[in-house]
Peer 1: 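This is the structure I have questions about; it appears just below.
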Amino acid sequence: MPHSMHPRAPLLPGIHSPHDLRRLPRSDMHAVADEVRAYLLDSVSKTGGHLSSNLGTVELTVALHYVFNTPVDRVVWDVGHQTYPHKILTGRRERMSTLRQLGGLSGFPQRAESEYDTFGTAHSSTSISAALGMAMAAKIKGDDRYSIAVIGDGALTAGMAFEALNNAGVEDCKLLVILNDNEMSISPPVGALNRYLAQLMSGQFYAKAKSMGKSVLKGAPTLFELAKRIEEHAKGMVVPATLFEQFGFNYIGPIDGHDLDSLIPTLENIRHLTGPQFLHVVTKKGQGYEQAEADPVAYHGPGKFDPAVGLQKPSVAPKTTFTQVFGQWLCDMAAHDERLVGITPAMREGSGLVEFEARFPARYFDVGIAEQHAVTFAAGLAAEGLKPVVAIYSTFLQRAYDQLIHDVAIQNLPVVFALDRAGLVGADGATHAGAYDISFLRCIPNMAIACPADERECRQLLSTAYAQNQPVAVRYPRGSGAGVPTLAGLDVLPFGKGEIRRQGERIAILAFGTLLQPALAAAQALNATVVNMRWAKPLDTALLIDIAKTHSCLVTVEDGAVMGGAGSAVLEALQAAQLPVPVPVLQMGLPDVFIEHGDPAKLMAMQGLDATGIEASIRVRYGV
């Protein structure tokens, strides 16, 4: 058999860092990309995780690490859920089996995990700001290195990205912004900008015509200047170049983000340019795996699956999630009240608005990755007599805190905030945890905060929130709850009132939200009273004072930060009441640390917030 007919030895096992990658000839990069894609698919199918976005960035990742001297040259990945190929090539291939598991690799870049993770990301649209900071730091320190921001077209809809572009365009530094244009964020992208970026064929035609025209006209300076002026006006109609060049960037592209023979030479040329550069690459989510290409949303963050078969419907119907409870309630309330409008910042699927969009398209608004705009947009709708419901993850509401205070709360506008992913979120880790909403919301005048204990109460408290003439947040966790069936109606619960769920002696556990279930289990062993508080603000102070007078010690439990949380509200209320005999309070909740990724039940148990942990803490504190 001729030597050329022997199967080629795989390259990936010999790549332990980008230094190993850069020792290979450029002709090997196609094989490396194929091996990375195959390894990625096999790995994620066993662990679960983000898939479509990572399949789409394989060639771009290979090209970046091949051309640039990483980690000396800095690469900042926007959002960061597309960095699995990056992890595979930067010495973490053998740990991919631990992805998103307790003690394992993070699903996002983390500075503490690798020197190649130059900046921690997990929320959208921060990359250009961070990379610009790094580029200016290099200039100040006299370091000769590039800073590169890789940002998707969905992330480019956020105002922060444009603030950074505006700043970067006037700085003379080694900054490269790569627009990874896959025409898809998590939900389909929206807005005028995405339509503008979609004019790709015209862009390729323009790039060829521009190059040819310049070479022909160079010999005639006057004619060349005239052509250049015409070009500045004409190209804005056919390519996205004008927008970014007006910011002060040198625009290059669009080019095929899966064509290494185009990517590598282009990046090598850019390395020798000065000033801010903007490279527009076109990629496809799910590239190389037919099922993911056909349905990139379904394969955005799948669990474990067989790649040969693809995703399958579970044989046993899964429990109803809080997100599904919200989605059904929203449709039911919209059918009941034509004033209702639903708003999401680019999280249609994650927040449960797919059916609402289909049934009430005129009242559905996906505003893009623009949380600040989403909240003030809702305020404008509410000011005109409509009833906006903002469906937003707890962690993303943090990005609109100023708007929450100034545009909604000060004006006391009736906006309902449906806060999904409250508490710990498991595999996504600290960046996505909804640990702080009670703390940062309850200090805002006019704001109310509801904490449903189960699915039925979630629906009831959403109706209660909608009925108020003030801003109200309803917080609920990721996944399913106790399995309590919901009711079909739109009945409400008393505003700001809790209930006693178990009558016991001496000890009273005040439960906020879904920790009611482990609190009841712990109370059974302790013969303790359990109060379902339902509201972190306003507190049911009458019930609280009554409980404090009839019990010798109190315990508060919540799946949010202890500092400034619902337990702190209880302490403040008791202090204000000036009881003749002060009652001791044990506060239980999330500690003052960032809790990393892992199985949610394990993480809660580690914080002592399961039934066993609650019982043990009470026994230790109160000697029972």
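Basis for what follows: all heavy atoms, side chains included, without hydrogens, waters or symmetry-related copies.
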Peer 1: Can you confirm whether Met347 sits close enough to Ile392 that some side-chain heavy atom of one is under 4.5 Å from a side-chain heavy atom of the other?
Peer 2: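 The answer is no, as the side chains (C-beta and beyond) never meet within the 4.5 Å cut-off.
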Peer 1: Can you tell if the side chain of Thr395 reaches within under 4.5 Å of the side chain of Arg421, non-hydrogen atoms only?
Peer 2: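 The answer is no, as the side chains (C-beta and beyond) never meet within the 4.5 Å cut-off.
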Peer 1: Considering only heavy atoms from C-beta outward, does the side chain of Arg100 approach that of Thr47 to under 4.5 Å?
Peer 2: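 They are not in contact (no side-chain heavy atoms under 4.5 Å apart), so the answer is no.
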Peer 1: Would Tyr393 and Ser351 count as a side chain to side chain contact (heavy atoms under 4.5 Å, CB included) here? Give the steps.
Peer 2: CA-CA 7 Å; Tyr393 289 9; Ser351 291; 3.7 Å; yes
Peer 1: May I have the step-by-step check of side chain to side chain contact (heavy atoms under 4.5 Å, CB included) for Gln403 and Val408, ending in yes or no?
Peer 2: CA-CA 7 Å; Gln403 290 70 25; Val408 176; over 6 Å; no
Peer 1: Search all heavy atoms of Ser463 against all heavy atoms of Met333 and return the closest pair with its distance.
Peer 2: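 That closest heavy-atom pairing would be OG-CE, 3.9 Å.
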Peer 1: So which pairs with a foot in residues 580-595 pass salt bridge (charged side-chain N to carboxylate O under 4.0 Å, His left out), sequence neighbours left out?
Peer 2: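 Checked against salt bridge (charged side-chain N to carboxylate O under 4.0 Å, His left out) - neighbours excluded - no pair reaches residues 580-595.
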Peer 1: May I ask you to decide if Pro109's main-chain N or O and Asp117's side chain share a donor-acceptor pair within less than 3.5 Å?
Peer 2: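 No; judged by distance alone, with no hydrogens or angles, the pair does not exist.
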Peer 1: Has the side chain of Gln82 got a donor or acceptor atom that lies under 3.5 Å from a matching backbone atom of Gly80?
Peer 2: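 Answer holds: yes.
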Peer 1: Please examine the side chains of Cys458 and Trp329, heavy atoms only from C-beta on, and report whether any two atoms are closer than 4.5 Å.
Peer 2: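 Not in contact.
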Peer 1: Rounded to the nearest 0.5 Å, how far apart are CD of Glu457 and OG1 of Thr514?
Peer 2: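 Here the interatomic distance stands at 10.5 Å.
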Peer 1: Please confirm whether the backbone N or O of Leu526 pairs with a side-chain atom of Arg506, one donor and one acceptor, at under 3.5 Å?
Peer 2: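 No; zero donor-acceptor contacts below 3.5 Å.
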Peer 1: Where the side chain of Thr98 meets the backbone of Leu105, is there a donor-acceptor pair that is under 3.5 Å apart?
Peer 2: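 Looks like yes, one N/O pair under 3.5 Å.
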Peer 1: Enumerate the ring pair (Phe, Tyr, Trp, His ring centres under 6.0 Å) contacts for residues 101-135, please, sequence neighbours excluded, ordered by first and then second residue.
Peer 2: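 Sorted pair list: His50-Phe108, Phe108-His432, His123-Phe396, His123-His432.
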Peer 1: Kindly compute the distance separating CG (Leu386) from CG (Leu340), expressed to the nearest 0.5 Å.
Peer 2: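 Going from CG on Leu386 over to CG on Leu340, the span is 9.5 Å.
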Peer 1: Quick check: closest heavy atoms across Asp540 and Gly498, and the distance to 0.1 Å?
Peer 2: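 What the structure gives for the nearest pair is OD2-N, 2.9 Å.
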Peer 1: With the side chain counted from C-beta on, respond yes when Leu404 and Phe417 share a heavy-atom pair under 4.5 Å apart, and no when they do not.
Peer 2: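 Yes, at least one pair of side-chain atoms sits under 4.5 Å.
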Peer 1: Name all residues meeting the side-chain hydrogen bond (donor to acceptor under 3.5 Å, both in side chains) criterion together with Glu615; count only those two or more places apart in sequence or in a different chain, and write none if there are none.
Peer 2: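 With neighbours one apart ignored, the set is Arg619.
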Peer 1: Between the main-chain N or O of Gln503 and the side-chain N or O of Thr529, is there a donor-acceptor pair closer than 3.5 Å?
Peer 2: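 Such a contact is absent between Thr529 side chain and Gln503 backbone.
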Peer 1: Side chains of Leu462 and Leu330: closer than 4.5 Å at any heavy-atom pair?
Peer 2: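 A side-chain contact is absent here, since even the closest heavy-atom pair is not under 4.5 Å.
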Peer 1: Do any N or O atoms from the side chain of Lys537 and from the backbone of Ile444 form a donor-acceptor pair under 3.5 angstrom?
Peer 2: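 Yes: the side chain of Lys537 pairs with the backbone of Ile444.
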Peer 1: Rounded to the nearest 0.5 Å, what's the gap from CG on Asp428 to CD on Glu596? Could you check?
Peer 2: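 Reported to 0.5 Å precision, the distance equals 11.5 Å.
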Peer 1: To check you understand the geometry: which heavy-atom pair defines the closest contact between Ile369 and Ala346, and what is its length?
Peer 2: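 Ile369 and Ala346 have their closest heavy atoms at CG1-CB, 3.6 Å.
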Peer 1: May I ask you to say whether Glu499 pairs ionically with Lys497, meaning some side-chain N is under 4.0 Å from a carboxylate O?
Peer 2: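 Salt bridge between Glu499 and Lys497, a charged N being under 4.0 Å from a carboxylate O: no.
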Peer 1: Please give me the minimum heavy-atom distance between Ala523 and Val530, naming the atom from each residue.
Peer 2: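 Heavy atoms of Ala523 and Val530 come nearest at CB-CG2, 3.2 Å.
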Peer 1: Can you tell me which residue pairs pass the ring pair (Phe, Tyr, Trp, His ring centres under 6.0 Å) test with a partner in residues 472-531, sequence neighbours excluded?
Peer 2: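 Residue pairs passing ring pair (Phe, Tyr, Trp, His ring centres under 6.0 Å), neighbours aside: Phe495-Trp535.
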Peer 1: Measure across Leu603 and Gly598 and return the closest heavy-atom pair with its distance rounded to 0.1 Å.
Peer 2: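 Heavy-atom minimum between the residues: CD1-O, 3.6 Å.
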Peer 1: Hey, is the main chain of Ala521 close enough, under 3.5 Å, to the side chain of Arg502 for a donor-acceptor pair?
Peer 2: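 Side chain of Arg502 to backbone of Ala521, a donor-acceptor pair under 3.5 Å: no, none is there.
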Peer 1: Pairs in or reaching into residues 582-606: which pass ring pair (Phe, Tyr, Trp, His ring centres under 6.0 Å), with residues at least two apart or in two chains?
Peer 2: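 Matches after skipping sequence neighbours: none remain.
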Peer 1: Listing request: all salt bridge (charged side-chain N to carboxylate O under 4.0 Å, His left out) pairs with a residue in residues 393-413, at least two apart in sequence or in separate chains.
Peer 2: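 Those involving residues 393-413 are Glu371-Arg399.
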Peer 1: Verify side chain to side chain contact (heavy atoms under 4.5 Å, CB included) between Met606 and Leu102, making sure each step is shown before the conclusion.
Peer 2: CA-CA 11 Å; Met606 289 172 63; Leu102 187 62; 3.7 Å; yes
Peer 1: Could you check whether Arg456 pairs with Asp454 (Lys NZ or Arg NE/NH1/NH2 to Asp/Glu carboxylate O, under 4.0 Å)?
Peer 2: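 Result for this pair is no, no salt bridge flagged.
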Peer 1: To the nearest 0.5 angstrom, please state how far the OG1 atom of Thr550 sits from the CD1 atom of Ile545.
Peer 2: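 Going from OG1 on Thr550 over to CD1 on Ile545, the span is 11.0 Å.
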Peer 1: State, yes or no, whether a side-chain contact exists between Thr121 and Asp78 at a heavy-atom distance under 4.5 Å.
Peer 2: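 Thr121 vs Asp78: side chains apart.
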Peer 1: Test side chain to side chain contact (heavy atoms under 4.5 Å, CB included) on Thr118 and Val76; report intermediate values, then the result.
Peer 2: CA-CA 6 Å; Thr118 60; Val76 181; 3.9 Å; yes
Peer 1: Got a donor-acceptor contact below 3.5 angstrom from the Arg363 side chain to the Ala334 backbone?
Peer 2: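 Confirmed, Arg363 side chain pairs with Ala334 backbone.
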Peer 1: Is it true that, when you exclude Lys602 itself, more than 12 heavy atoms of the residues, nucleotides or ligands shown sit nearer than 6.0 Å to its NZ?
Peer 2: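 Count not over threshold, so no.
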Peer 1: Hey, does the side chain of Asn54 reach the backbone of His81 with a donor-acceptor pair shorter than 3.5 angstrom?
Peer 2: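 Yes; at least one donor-acceptor contact below 3.5 Å.
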Peer 1: Quick one: does any side-chain atom of Glu455 pair with a main-chain N or O of Val484 as donor and acceptor, under 3.5 Å?
Peer 2: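 Pair found, side chain donor or acceptor close to backbone of Val484.
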Peer 1: Are Asp437 and Arg475 close enough, and set up right, to give a salt bridge (Lys or Arg N to Asp or Glu O under 4.0 Å), and what steps lead you there?
Peer 2: CA-CA 8 Å; Asp437 47 50; Arg475 66 185 306 270; 2.5 Å; yes
Peer 1: Below 4.5 Å, heavy atoms only, C-beta onward: do Glu572 and Leu539 meet side chain to side chain?
Peer 2: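 When only atoms from C-beta onward are counted, Leu539 and Glu572 do not touch, as no gap falls below 4.5 Å.
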Peer 1: Rounded to the nearest 0.5 Å, what's the gap from OG on Ser552 to CD on Glu505? Could you check?
Peer 2: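 Output value for this atom pair is 10.0 Å.
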Peer 1: What distance do Leu515 atom CG and Leu520 atom CG have between them, rounded to the nearest 0.5 Å?
Peer 2: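 The CG atom of Leu515 sits 11.0 Å away from the CG atom of Leu520.
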Peer 1: Write down the atom of Ala536, the atom of Ile438, and the distance for their closest heavy-atom approach.
Peer 2: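 Heavy-atom minimum between the residues: CB-CG2, 4.0 Å.
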